[in-house]
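Beneath this line is the structure, given in structure tokens, with notes to follow.
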Amino acid sequence: MTKLSAPKGTHDLLPPDIALWQWAEAVMRDSFARANVHEIRTPLFEATELFKRGVGETTDIVNKEMYTFEDGGQRSMTLRPENTASVVRAYNQHGMDRWPKPVKLYYMGPMFRYERPQQGRQRQFHQVGLEVFGVDTAASDAESILLAWQLLQALGLKDLTLKINNMGMPEDRHRFRQGLRDHLKDQLGALCSDCQARYETNPLRMLDCKNPDCQAMYQKEPIHTYIRTDFSSPDAQAHFAEVLALLDAMAVPYTRDPMLVRGLDYYTKTVFEITSDNLGAQSAVCGGGRYNGLVKQLGGGNNDVPATGWAMGMERLLSLLEPPKPQGLDVYVVSDDIPTALQWVTQTRQAGFRADWDPTGRKALGKQLAQADKLGACVALLLGESERNSGQVIVKHLASGEQETLAAGEVLARLGQVLHHTRVCL
RNA sequence: GCGACUGUAGCCUAGUGGUUAAGGCCCCGGCUUGUGGUGCCGGUUAUCGGGGGUUCGAAUCCCCUCAGUCGCCCCA
């Protein structure tokens, strides 16, 4: 009998971890709210066809990383590997092209990819993302990037690098790919096996190969000059220049990276990535860009709906932050009489305090006080037999050991004074 | 899918061929049946990741497998 454990590449989030998540989620929701971005929640699974068409048949995600299964009606379903395709599907399905432009949506939730786990990569991971529909301006790209950048600042992340590039339109890329193939046709044998495969499937990927021999090859003329020349149309080049100008105006530091090629098929014009040096091999915290054409491709009628957006990896991002101190307990109710204890713990909770008690049946006050201490309570309320008989409560301050005896009716008011004071000390 | 390293109680660790696998933390109880933190005493928790092999004898050596970690590929 093997022990049951969480599936490979998945993770339980235990109470000590949760505080950081809830805090980060709250910061993000607040940032989005102030930018007039609204949440959308789509299903965790969709028709497999959606991801094939949306993410791209040639991508690794679709080819080898999808959790695909057949449902009871012999429909092929897939656990979402990313959320953009689903959001676009929802945009089309609900006629959001009739909503006031731009439509700005954010999402937050688990994604699933069948991959070999390593640092910063799991089979179930969480992304938060932004999608902006209906505007094809550099201004919209700039706002999107700025929101990502500011979100990361608000979370207190440091040592981040924003890399940005212009991928042009699909036809520009097609032309560039052909040119690249022509330049490298005769040196194929000198390249690594990965690059030889990329030559067929995705030539742009060859450019950020880490093999020194391949890099040397790409530095030679005339390949070098060909690579460095912006292959995109004048329109796309003007768009990109404007994005950069707006980032300059907002004092967002960036690095132009001609080697930055995002893997998903749907990107057009602007692409960017935000990385951290403190993450190990999987250093991208946020990735995104413009994806004009996807909405139409996923059935958005005749209208070409331009769009831009990004996604962040929660786990990667949170691993860069310090876990906060656990929240303590205000009150621990100590009594050898269960109805009395239950009544007092309920009453203090209703009054707004974090309160707990001992439901194990232990009568000894010493044992119960030991619990109060372990849980880090500020104050213990002692309700023994003599207090019950006299209608009094002993309020014991755990840190100092001092205690005071009060009439039952005065206790809540006294807790209000005392705990206001202690909470500040926490 | 490929490669490297690592698997001993809930957690950390000792033990590298020889009787019932040792210690610390945590948890529970006692010293203290109305007062916590420190101390002392006691207790629960391990088919040594799993399977097979070598051996009189395996946590220890060999093979397979599973899991974890990191890396490649790719991505958040």
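Numbers restart at 1 for each chain; the letters A, B, ... are given by sequence-line order, proteins then strands.
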*If the P atom of B:rC2 is compared with that of B:rC61, how far apart are they to the nearest Å?*
26 Å
_Please check: side-chain N/O of A:N166 versus main-chain N/O of A:S232, any donor-acceptor pairing under 3.5 Å?_
no
*How long is the gap from CZ on A:F133 to CG on A:N92, to the nearest 0.5 Å?*
8.0 Å
*Check each of A:W21, A:Y107, A:F112 against A:H126 using the ring-ring contact (aromatic ring centres under 6.0 Å, His included) test, and report the only one that passes.*
A:W21
*asked:* Without decimals, in angstroms, what is the distance between A:Q118 CD and B:rC2 P?
replied: 15 Å
*Say whether, by atom type as modelled, one donor and one acceptor occur between the side chain of A:R123 and the main chain of A:E115 under 3.5 angstrom.*
yes
_Over all strands shown, is A:G120 touching base, sugar-phosphate only, or nothing at heavy-atom distances under 4.0 angstrom?_
base
_Spacing of the C1' atoms in B:rA9 and B:rC5 (rounded, Å)_ = 24 Å
_If you assign A:P7 and A:C286 each to the RNA chain B nucleotide with the nearest heavy atom, which residue ends up on the more 5' nucleotide?_
A:P7
*Checking all strands, does A:G376 fall into the base, sugar-phosphate, or nothing category for heavy-atom contacts under 4.0 angstrom?*
nothing
*Nearest to the side chain of A:R316, which nucleotide is it out of B:rC74, B:rA76, B:rG29?*
B:rA76
*For B:rC48 and B:rU6, measure between their C1' atoms and round to the nearest Å.*
15 Å
*What integer number of Å spans the P atoms of B:rG36 and B:rG42?*
22 Å
*Considering only heavy atoms and no angle criterion, is a donor-acceptor pair shorter than 3.5 Å present between the side chain of A:Q282 and the base of B:rC74?*
yes
*Under 4.0 Å between a side-chain N or O of A:Q119 and OP1 or OP2 of B:rC70?*
yes
*Starting at the 5' end of nucleotides 30-41 of chain B, put B wherever the base has a protein heavy atom under 4.0 Å, S where only the sugar-phosphate does, and a dash everywhere else.*
S---BBBB----
*With side-chain contact (heavy atoms from CB on, under 4.5 Å) as the test, would you mind laying out the steps for A:K396 and A:V379 before giving the verdict?*
CA-CA 6 Å; A:K396 182 174 175 95; A:V379 166; over 6 Å; no
*How far does the C1' atom of B:rA67 sit from the matching atom of B:rU32, given to the nearest Å?*
47 Å
_Spacing of the P atoms in B:rC56 and B:rG1 (rounded, Å)_ = 40 Å
_Under 4.0 Å, counting only non-hydrogen atoms across every strand here, what does A:E115 touch: a base, just sugar-phosphate, or nothing?_
base
*Could you state the CD-C1' distance from A:Q122 to B:rC70, rounded to the nearest angstrom?*
14 Å
_Checking the side chain of A:K52 only, and the main-chain atoms of A:A47 only, is there a donor and an acceptor separated by less than 3.5 Å?_
no
*What does A:R388 touch in the nucleic acid at a heavy-atom separation under 4.0 angstrom: a base, only the sugar-phosphate, or nothing?*
nothing
*For A:P43 and A:E46, work out which heavy atoms get closest and say how close.*
CD-OE2, 3.6 Å
*asked:* If I pick the C1' atom on B:rU65 and the same atom on B:rG71, what distance separates them, to the nearest angstrom?
replied: 22 Å
*Are any side-chain N or O atoms of A:E387 and backbone N or O atoms of A:G384, one a donor and one an acceptor, separated by less than 3.5 Å?*
yes
*Whole angstrom is fine here: how far is it from CG in A:L130 over to C1' in B:rA76?*
15 Å
*In dot-bracket, 5' to 3', how would RNA chain B read with Watson-Crick or G-U wobble pairs under 3.5 Å, [ ] for crossing ones and | for pairs to another strand?*
((((((((.[[[[.)..(...]]]].(((((.......))))).....[[[[[..)....]]]]])))))))....
*Determine the Euclidean distance between corresponding C1' atoms of B:rU8 and B:rG49; express it in Å to zero decimal places.*
10 Å
